[in-house]
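Some notes on the structure that comes next.
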Amino acid sequence: MTSVPTRPAPVSPNPGGSDHPERGLRGLRGLKPLGRMGDRVRLPAQPFLRHLVFFVLGAAFFYVLTTNVSTYNDFQIGEIALYAIVLGGLSLLTGLNGQFSLGHGAFMIIGAYTLALLQLHAHVGIVGELVSATLIAAAAGVIVGIPAARLSAPYLAGVTLMLALALPQLSSQYGSVFGGEQGLTTTPPAGPGSINSQEWLAWIQIFCALLVLLLLANLARSRFGRAFRAVRDDEIAAAISGIHVARTKVLAFAVSAGCAGLGGALLAFSTGVVNNGEFPLSLSIALLAAMVIGGAGSFVGVWWGAVALVYMSTWSGSLSHQFSLGTSAAAYLSDAIFGVVLIVAILAAPTGIQGGIRWIGRRAWRGLVGTPLQTAATTALVALAPASSTETGEPLGHRVIPLDGPPADDGGSRCRSAPAGGDDRVSGDDSVSGDDRISGDDRVSGDDRASGDDRAGGTHGETSTVRPDPEHEHDPEHEHEHEHEHEHEERSTP
Amino acid sequence: MLRVDGLTVRYGPVQALSDVSFDARDGVITTVLGANGAGKTTLLRTLSGLVRSTAGRVSFDGVPITGRDPETISRMGIAHIPEGRGVISELTVDENLRLGTLHRLRRAERRGAMEEIYERFPQLGERRNRSASTLSGGERQILVIGRALVSRPRLLLLDEPSLGLAPLVTAQIMATIEELTSGAGLSAILVEQNARGALSVAHWAVVLNLGRVVIADEPSRLGADAELRRHYLGF
Amino acid sequence: MGLFVNILLSGIVQGMVFAAIALGLVLISRATGVVNFAQGAMGMFTTFIAFTLLTHGLGYWPAFVATLAIGFVFGALVERTLIRPLQGKPALNPVIVTIGLLIVLEGAAGSIWGNVARGFPAAFSQRGLVIGTTRVAFSHFDVFIVIAVAALVVGIVALFRWTDLGLRMRAAAFAPEVSRLLGIRVGRLFTLGWALAAAAGALAGLLVAPLSSFSPYYMDLNLVFGFTAAVLGGLVSPIGALIGGLVTGLAISFVGGYIGPDLEPLAALVLLLIVLMLRPQGLLGAAEARRV
């Protein structure tokens, strides 16, 4: 723990510059990313190995699950897996890079139609089909990402919303190519031997999901992942430290769109048909909602979001049956529930399910502090986590982007706004409790309605964090912790 | 007139003001001095209701105003002129001034009150239909002061009115403030970093350091104390 | 020639509708700095309420007025309950909340009234006027649309420009803190901005519904066209919303008429992107570029 990490140069130096809310995508930090992705549990020191363990455990879990449930459940599990891919991409976009999209359904359509058209006109095999779907959707992501990189939250929302509405219409405009309203049919892959085709498809979908999430988790740990975060945290500082901001954002968008394309292609296998009715605007919005529900920036959370996506319609179906609403009402009810959950999540629980779980876990851990059980647990965890893990520059604390800033310090006051949560880190504690800073503490400050300048989006109420001990100064991950110590006085009237 | 008693403001763990007590007497300029970060601006923002105090009381003419919202406090006759950025540059000069008349004057009085301001500050009168964004820094400060005066306030809270202005303009503004308070029933609390200028117009001075009152005394005695000058006033 | 004239006329009518939606977006954006993606859905919902009032025997004009009033109250409620708590929070949060409201309203309308394409009565005849010997695609109801939206825009401009209330609203929008220090009750004005915007949205819903069929989703496309119009106009000025609406309406109409109606949203997207990339301050915007 004493050694200075020997990682590449920090990507997000402590910015001395100003924190200007109207600059680029600063406003997009509303969703609380859950610290970094996939680094919660101290398993093997190498992130890749650690992610591989998740991969293998996940594969084993799903193998046991799928072989023990009905065919219909296999179908649902497969859907969960493919939505996990889409949500993984979306989560990377929002949680890691600070952008977001209301139009990921559009990239799913692109993937789905790519698959259907390839099956119709070319025979490239399932791997070729899926890879093509991913790449073409990613290419579309580049096209959308280039303008998107320059837009702030409301405009980005409008543009991606329009994309989700506009793109499906192309298939009816060019009916001869895309099969019009009926769309195109797809053939699911046939499994070897006597394997149930539904189960085989579910396996393919699960394999893709685990593989993609493995790759995304590694991407998040790579130099690209650090660039994503640096751009999310402070575009100016990122640019100063040599990151090509626009390129980084476009890359994130492309990766995210590629994930959606793959998910769309896998969905086309499940449904057996591709038409634009499968991808309404509400799907795009439900994707965003599911991502928020799961917790932006958490690769574990995406599974919660995917489960919510798949089971919400089932559940609302039975609910509407109970209230003896018509069967057609079920679909609307599930939309409405997603909307309510989205609103409640933003107003009350910005870290999503995964954040909630971490919060509960941390509370439970705190409750144990000082007890013999805690000592034993610490010993056990320290034994499990090799000491070398810290030498790889493993972060000790997590930063959480606060949804609720402290009372906005409207420039006039020279007093820095308060650290809202986060200075309660004890390094030993962190190494076991994971994200220590998804905090209720962030919320104590509430909104200060007294300061009139803090209109939505115009706030400067950011959190400043007490510096951690100097020995971590060079830890690139720790650098993020300082980024809120900004002057707020920059806002000069013209 | 304004009585501040044990005022404490906290931003999280940061104590911006600790147990600040002083009186601003009727018809008098009270200046609040201190270094950057001493809590001067926070003090004014708390007095006008923009910042909520953690503890302590403020009363205005015997009426408690602690915890009231800024709209109410403003309508009671306390005009806060915030540091540097009070002009609404999207509006015209006339509209800016009209905003000052909306709450404390009867409809029939408004035009007359505005004309008085235009007479007092001819540079505003000449530009009344121009966008406020075209004004110079000094003109903006004058517009903001005019907008505060047009509401016929009882107490002015001035946050660094001389900041970034040329010495000549500063002198004009200081003279105006001095002249106004010597007349009918207007008091002022003047926050300044330019301690020398502030002490020359004020009748009472309060020195803040790290959110606490260090000393409160007559300006002449503060100016004479070399130690104090060196430590807190910087001249 | 006849086709050209008809496309032009329907473009103007559509443009006026988009202008009404854009005006709502502008009012809200000015007041609270939020782009209200539920603006269309709120209009949809109040139109369904109007539909229910009409089926229960209320006359057209009483229902019309009642719907605008309901919209007004609805807007105020939304601001107080959903938007106000997010004041001072990052700009993404209100965006997501309005999106959430959008799907809640659509889901609720679908659950309550079902996803059936219905007809909505028009205040006036929808038969095209006869000019000379030819019948053009411009009816009495279209005339009413143009007049109603024009009156709305003029009313809002007059409110802003010539009344103390309008002056307060502008001051509150541009400089909320300074306004509070001047005794202006900024929060109430924000609520008023939302209420007016929602009433404008209710009007837009009532005007659009008779043009084709209406269903829980009939405002989705109108919203994105209205958004395009608002951005074209710079998202701050009512006049800009009107001009943006007309430009968008004509563009949509010509693309739909000459190429294909399915390309209309894509055309609007392209138009929007061009404006955002080349003239982010909008067509009328001042020289000072606004951040997009």
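In the text below, chain A, chain B and the rest are named by the order of the sequence lines, each starting its count at 1.
For a heavy-atom cut-off of 4.5 Å, chain C lies close to B:Arg107, B:Arg110 in residues 106-113 of chain B.
Considering only heavy atoms from C-beta on, B:Arg147 comes within 4.5 Å of C:Val178 through its side chain. Side-chain contact check for C:Leu167 versus B:Leu91: some heavy-atom pair is nearer than 4.5 Å.
By the 4.0 Å N-to-carboxylate-O rule, C:Arg185 lies close enough to B:Asp69 to be salt-bridged with it.
When every heavy atom of C:Gly183 is checked against every heavy atom of B:Ser74, the shortest pair comes out as N-OG, 3.1 Å.
For the atom pair C:Arg180 CZ and B:His80 NE2, the distance stands at 13.0 Å (nearest 0.5 Å). Taking CZ from B:Arg45 and CG from C:Leu181, the interatomic distance works out to 8.0 Å, rounded to the nearest 0.5 Å. Atom-to-atom distance recorded for C:Leu182:CG and B:Asn96:CG is 8.5 Å, nearest 0.5 angstrom.
Heavy atoms closer than 4.5 Å to chain C are found in the side chain of B:His103, but not in its backbone.
Taking chain C as the reference chain and counting heavy-atom pairs below 4.5 Å, the highest number among B:Arg75, B:Arg98, B:Arg104, B:Met76 is found for B:Arg75.
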Using atom types as modelled, flag every donor-acceptor pair under 3.5 Å from a side chain in residues 70-80 of chain C to any protein atom, sequence neighbours excluded.
| unit_1 | atom_1 | unit_2 | atom_2 | d |
| --- | --- | --- | --- | --- |
| C:Glu79 | OE1 | C:Arg84 | NH2 | 3.0 |
| C:Glu79 | OE1 | C:Thr191 | OG1 | 2.8 |
| C:Glu79 | OE2 | C:Arg84 | NE | 3.3 |
| C:Glu79 | OE2 | C:Arg84 | NH2 | 3.2 |
| C:Arg80 | NE | C:Thr191 | OG1 | 3.0 |
| C:Arg80 | NH2 | C:Thr191 | OG1 | 3.2 |

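Surrounding CZ of B:Arg152 are more than 12 heavy atoms belonging to other residues, nucleotides or ligands, all under 6.0 Å away.
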